[in-house]
Amino acid sequence: MRYSSCPELVARGKAPAPALSASGATPITTLPGVGPVLAEKLAARGLLTLQDLWLHLPRQYEDRTALVPIRSLQAGTAVQVEGRVEAVERGFRYRPMLRVALGDDSRATLVLRFFHFRAQQVAQFSPGVRVRAYGTPRPGQHGLEMVHPSYRILGDGKHALGDALDPVYPDIEGIGSANLRRLIGLALEHLPDAASLELLPADALTQLRLPGMREALLTLHRPPADADVGALQTGLHPAQRRLALEELLAHQLSLRRQRIAMQQQGARPLTGKGRLVERLRKQLPFKLTAAQQRVYAQVRDDLALPRPMLRLVQGDVGSGKTVVAAMAALLAVEEGRQAALMAPTELLAEQHLGNLRAWLEPLGVRVCWLAGKVTGKARVAALADVASGAAQVVVGTHALMQESVAFHDLALAIVDEQHRFGVHQRLALRDKGREGNGLPHQLVMTATPIPRTLAMSAYADLDVSAIDELPPGRTPVTTIALAAERRPELVERIRAACAEGRQAYWVCTLIDDSDEVVAQAAQSTFEALQLALPELRIGMVHGRQKAAEKQATMRGFKQNELDLLVATTVIEVGVDVPNASLMVIENAERLGLAQLHQLRGRVGRGSAASSCVLLYQAPLSAMARERLDTLRRTNDGFEIAEKDLQLRGPGELLGTRQTGLANFRLADLARDADLLPQVHALADRLLLESPDIAERIVMRWVGGAARYASA
Ligand code: ADP
Ligand code: MG
């Protein structure tokens, strides 16, 4: 009942009272009517100070400057209407429901429908009462209806229309919207004058044609009647851009300062000549690509400095990140110190172990294995080797981070597929360095590339390298989308490919991806394929199997003892079987771009022409169609990442676990991406010229909130 009980609580147009002694840091509890209970509800949403209220910005605006006749309502367009109650119906059939029929002079009827309401509210709607309501009409059972519109009951006199756009604030649990408006109105009375509120350099604002802070806040909380509604609704109003700029800047500054703090802790440089690396390169059955050499050189330069490296290596699936990691590890080994490589799944970790053993043991380097399933005596022995330094390179899963694991002298922590780990986990490994040596160096690798602008924002605390070239001789994967009914054709295709000695994957996915349900789906697909293709050797891996069983099957597939592997997305990361050249992905319409691209990366690793078939259930949603089209069109991970950013937004792309990016109050990295160059330039400038202002900007937007994206 937000609108009904509070006509114009926020006085508009009226100049706010001069700033008393209040400042942005003044606690909300100083406002009249804010007792401990209310304060607690606000605090639960991170609102503690007046400034937090100033920055609690409307999520949308309602245009109450006009009335639309009910007859000319259009579904999907939010408007204000006025009419008399013609009928009221209260139902309880499936859940409580209140329906109010409104009629107006245009002799048409609109239904207002409520699912949550109080008895008092029902009583207001007696037939004949005049109601003004604001909402979005949608087709209902009996013509158009508005679900949970905001409304107010009118008396019989004349009622002026609103003269402005009404801000609608993000809800706060337990606080009515009228009360919230009142609080924000009160807080705005204490808004300081423009000069003391401003933190951005005047010339930057002029150049970008953006308003000052005070003007921007007032415009957003009390938009004048002539404000550009369209711009406000889409977040592109200069007042919104101005705040987005400052918010992005605050996050950038916060990350950069954390980076500086980390670097101040120092690290022991690794300055060996690279003898072991030279020997490895001579033994490798391939020549490094130019991109691999370049990235290795960057890593080597970082490691030679007396401060901890924190470098992210992005490289598309199959670009050859592992060998770069191995070379970095050798730089630690050459100095008599240790390196650790952590991978998110046992399957992948085991594969790394195989590669590293094959590459490093001929050089006399001891590679040790530590995963959850290493138990008993084997575990005791492994831990002893790690602690004594006999294990020069340690490969494993999360088990590496456990408290019982103590390294002799960890110089380099490598984390593969870092997006699969939380930042805390990465830090837990880093913290296993030796006392007095500063921090270990860190190398993190990911096959989920993110667009450059985004990388600079999300990872302002990391250096980023890209292996942007695939080893030669790979033939690009041909991707096709196929409706599920055409499965039989596919079976023939698999038969033909396997008859030529090739191998294939069949990936089962479901939207309800509880391990158990997916395992069942894999099981029935497995059985059906066995029936259809009796001449083939078919294996199956899924998350419900014992690790040993999974590994035995994987090994069989790798050694070409199996023709076809039915799998769940457990094979998404890292699995490397160059002879596999055909992949089928079921229910492809339900998977995200990044995941599909990762899966597809399992083929196209050898010299045979590979293909990937995306099986989908028709009909496709527009979004799903666009995803599948993108994959058909390109194999370029960076291009796919750009598209993913467009389709899904950065929060999901990066994963909220890793960055605070999803926590922006109003900035939106996809929408505001064009501001990023300015943000980066301003950050450079402020850190250099006015660190105190930088500090205030961070405090204003990020506050003391723990940022976990960094270090
Ligand atoms: P990713 O970057 O996806 O982790 P990998 O490190 O698993 O890629 O490498 C994929 C495959 O390519 C492996 O079989 C690896 O041995 C091989 N490889 C790596 N670098 C090269 C290269 N320069 N030339 C040929 N093959 C390479
Ligand atoms: Mg890899």
Side-chain angles (χ1 to χ4, degrees), residues 277 280-297 299 311-330 341-362 393 395-397 414-421 443-450 464-477 503 505 554-555 557-560 569-581 583 594-608 610 635-638 640-641:
V277 172
L280 171 66
R281 288 180 66 163
K282 289 211 184 85
Q283 284 180 17
L284 284 175
F286 49 75
K287 203 171 154 294
L288 296 180
T289 63
Q292 284 171 318
Q293 295 183 36
R294 186 186 68 237
V295 172
Y296 168 66
V299 169
R311 184 169 287 277
L312 171 71
V313 173
Q314 299 190 8
D316 216 339
V317 281
S319 61
K321 296 181 287 295
T322 320
V323 71
V324 174
M327 293 194 293
L330 284 178
L341 169 55
M342 181 165 77
T345 66
E346 214 149 275
L347 218 56
L348 180 52
E350 176 144 303
Q351 191 174 288
H352 284 328
L353 180 74
N355 278 328
L356 292 190
R357 284 203 163 139
W359 289 333
L360 306 189
E361 284 185 347
V393 176
V395 178
T397 56
I414 306 169
V415 179
D416 194 17
E417 305 295 347
Q418 72 103 29
H419 59 287
R420 291 295 196 93
F421 289 101
L443 181 65
V444 297
M445 307 194 288
T446 180
T448 307
I450 59 173
V464 180
S465 303
I467 303 187
D468 47 10
E469 176 187 5
L470 292 180
R474 304 266 169 90
T475 40
V477 181
Q503 291 168 279
Y505 296 97
M554 281 315 301
R555 208 168 298 129
F557 190 63
K558 188 149 192 165
Q559 290 164 3
N560 207 352
T569 51
V570 293
I571 61 152
E572 180 184 341
V573 289
V575 173
D576 184 33
V577 181
N579 191 48
S581 64
M583 167 169 284
Q595 197 178 14
L596 287 168
H597 180 61
Q598 281 277 329
L599 281 169
R600 178 173 62 176
R602 303 303 116 218
V603 292
R605 295 181 158 240
S607 48
S610 295
N635 276 298
D636 178 341
F638 283 89
I640 289 171

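Quick note: numbers below take in every heavy atom, side chains included, and nothing from hydrogens, waters or symmetry partners. As the structure lists them, so they are numbered: ligands from 1, and atoms in each ligand from 1.
- Checked against a 3.5 angstrom limit, the closest N/O atoms of Gly320 and ligand 1 fall inside it.
- Between Lys321 and ligand 1, at least one N/O pair is under 3.5 Å apart.
- Contact analysis puts Gly318 in contact with ligand 1, with a non-hydrogen atom separation below 4.0 angstrom.
- At least one donor-acceptor pair closer than 3.5 Å links the side chain of Gln292 to the backbone N or O of Gly320.
- The contact set between ligand 1 and Lys287, taken as ligand atoms under 4.0 Å from a residue heavy atom, comprises 22 (C), 23 (N), 24 (N).
- Here the CE atom belonging to Met342 is positioned 11.0 Å from the CD1 atom belonging to Ile414, to the nearest 0.5 angstrom.
- The side-chain hydrogen bond (donor to acceptor under 3.5 Å, both in side chains) check on Asp468 picks up Arg294, with sequence neighbours excluded.
- With salt bridges taken as basic N to acidic carboxylate O contacts below 4.0 Å, none links Lys321 and Asp416.
- When the heavy-atom distances from atom 6 (O) of ligand 1 to Val577, Thr322, Thr289 are ranked, the shortest goes to Thr322.
- Using 4.0 Å as the threshold, Gly315 has no heavy atom nearer than that to any atom of ligand 1.
- Gln314 places no side-chain N or O within donor-acceptor distance of the main-chain N or O of Val464, the cut-off being under 3.5 Å.
- At a heavy-atom cutoff of 4.0 Å, ligand 1 is contacted by the side chain of Gln292 but not by its backbone.
- Applying the side-chain hydrogen bond (donor to acceptor under 3.5 Å, both in side chains) test to Glu346 and every residue at least two apart in sequence or in another chain returns nothing.
- Heavy atoms of Leu288 found under 4.0 angstrom from ligand 1 belong exclusively to the backbone.
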